[in-house]
Structure formats: C-alpha cells, structure tokens
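Written below as structure tokens is the structure these notes are about.
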Amino acid sequence: DIQMTQSPSSLSASVGDGVTITCRASQTISSYLNWYQHKAGKAPKLLIYAASSLQSGVPSRFSGSGSGTDFTLTISSLQPEDFATYYCQQGYSTPYTFGQGTKLEIK
Amino acid sequence: VQLLESGGGLVQPGGSLRLSCAASGFTISSYGMNWVRQAPGKGLEWVSAISASGTGRSYADSVKGRFTISRDNSKNTLYLEMNSLRAEDTAVYYCAKFATSAPSDYWGQGTLVTVSS
C-alpha cells in the first residue's frame, strides 16, 4: 500500500500570509495527486487535481506542484475562508490513501 | 451533479447497515466510484472502490471481509453493505467520484453511522 505523509499536521498563520503544505508518497504516484479542503459538516472540496491543475472556480492563490513522490500545496495570500483542514490523496492505486491532514488555524 | 447518501443511523455492535448513494446529473456506470469515511476527530479514510466496469472492487484492510460495495446501474445508485459493525466504524460516510486526469470530482453530503450499544 502507498503511504501518504503530510506535513505539518497543524499550521497557524495570519490573513495575508503565504503557506506551504507538503505531501510525500512512499512510492512513485506519477501525478495522481489531489488536494482537498475540508470544513466541518461539509463535503471535501477539490482544489488541485493531477498534482498541479487548478479546479475550476478555485481561486488562483491556490497552487500545486510536484510529481513522483514529493508534492506541495501553496496558498499565496491567506483569506479568512481558507482556514480549514487540507488533505492530499493519491489516486495511483488502491487503497486510495489520504494524508493525515493539515489543520490551518488563524494566528 | 448530485450525490445523495442515505441509510445511516444507530446500530449495535455486530449489526448491519446498508448505505445508498443516489446519483443525478451523471452516470455512475461510466466511472469508478468510492466510499470515504471520517470518524469523529479523525481524518479522511478511503473505504472502498468499484471500477467503472463493476468487476473491480477494492477495500481498506480495516473493512475487508465485512463491507461490500456494489451498484445498480438501472437506479444510478451506489451501495455499501456493512456487516459485523464495530464501534470504530462510527463515522460520516461519503460517496465520491474522484478527479484523476480530468477535473470531475463529486462528493455527497455524507451520512452518519453510529455503532453503539
């Protein structure tokens, strides 16, 4: 099984800050990597698919990069609505594992 | 596009439950479909997948042998049959179609399963 190691597990930042979340796969997953934003009581929202493609309707302050085993999600200028939990997820092979999540909190 | 889960509820340990996920706006038989869950205070956990053809089914080790994924193409509905339920199966269960190289990514609103005596 492919393990997804996401870091940090939590992050405190201010509105306007830029932040980066990393995700490492235990073996190569090519570019089969999605990033989700999850808020309590709601369905996860796709931000980035195929490692670096921005989902339609998602603000351009979100960006993704990487391939193989190392991936990053960057938020360039945090807005109040961005404080949530973020997950990476590999779609290369089953089980389609998620990272442990990064809880982004307001400083 | 909409996915609407139903069938959650309170069940005793060792009991069974069947979750349904009715799709509209797209045809589930054209895509691989998944179940994902989130236990209280925990992260997202992929549970099971069924291939577009319906012949391929996969399960997380934590549910293998107890859960069965299936679908009824005529009803455009995905199912998850859950047997021998344990307290650790308590979670919100989502059905989902993941994006891959194309951006179509759909999730239901979730249904809560509580396993408790």
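We use all heavy atoms of the structure for the numbers below, so side chains are in, but hydrogens, waters and symmetry mates are not. Per chain, numbering begins at 1; letters A, B, ... match sequence-line order.
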**OP:** Might you point out which heavy atoms bring A/Leu46 and B/Ala99 nearest each other, and give the distance in Å?
**Re:**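 In this case the closest contact between A/Leu46 and B/Ala99 is CD2-CB, 3.6 Å.
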Original post:
Looking at A/Ala43 and B/Gly108, what are the two nearest heavy atoms and their distance?
Top reply: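 Closest pair (atom of A/Ala43, atom of B/Gly108, distance): CB-O, 3.2 Å.
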Should [X] and [Y] be regarded as members of a common hydrophobic cluster, given that ILVMFWY residues are connected when their side-chain heavy atoms come within less than 4.5 Å of each other, either directly or indirectly?
X: A/Ile48; Y: A/Leu104; result: yes
X: A/Val58; Y: B/Phe98; result: no
X: A/Val15; Y: A/Leu11; result: yes
X: A/Leu33; Y: A/Leu47; result: yes
X: B/Leu4; Y: B/Val113; result: no

Original post:
Which atoms of B/Ala96 come close to chain A, meaning under 4.5 Å heavy atom to heavy atom: side chain ones, backbone ones, both, or neither?
Top reply: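 The answer is neither part of B/Ala96.
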**OP:** Could you look at B/Val36 and say if it's the side chain, the backbone, both or neither that has a heavy atom under 4.5 Å from chain A?
**Re:**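 Contact with chain A is through the side chain of B/Val36 alone.
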All inter-chain donor-acceptor pairs under 3.5 Å (chain B, chain A):
from, atom 1, to, atom 2, distance (Å)
B/Ser58, OG, A/Thr94, OG1, 3.2
B/Tyr94, OH, A/His38, NE2, 3.4
B/Tyr94, OH, A/Lys42, O, 3.2
B/Ala99, O, A/Asn34, ND2, 2.9
B/Pro103, O, A/Gln55, NE2, 3.1
B/Asp105, OD2, A/Tyr36, OH, 2.6

**OP:** Under 4.5 Å, counting heavy-atom pairs only, tell me which of A/Gly101, A/Pro95, A/Pro44 racks up the most with chain B.
**Re:**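 The residue among A/Gly101, A/Pro95, A/Pro44 with the greatest pair count is A/Pro44.
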Subject >> Pairs flagged by side chain to side chain donor-acceptor pair (under 3.5 Å) wherever residues 9-22 of chain B is involved - sequence neighbours left out >> reply: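 Non-adjacent pairs meeting side chain to side chain donor-acceptor pair (under 3.5 Å): B/Ser16-B/Asn83.
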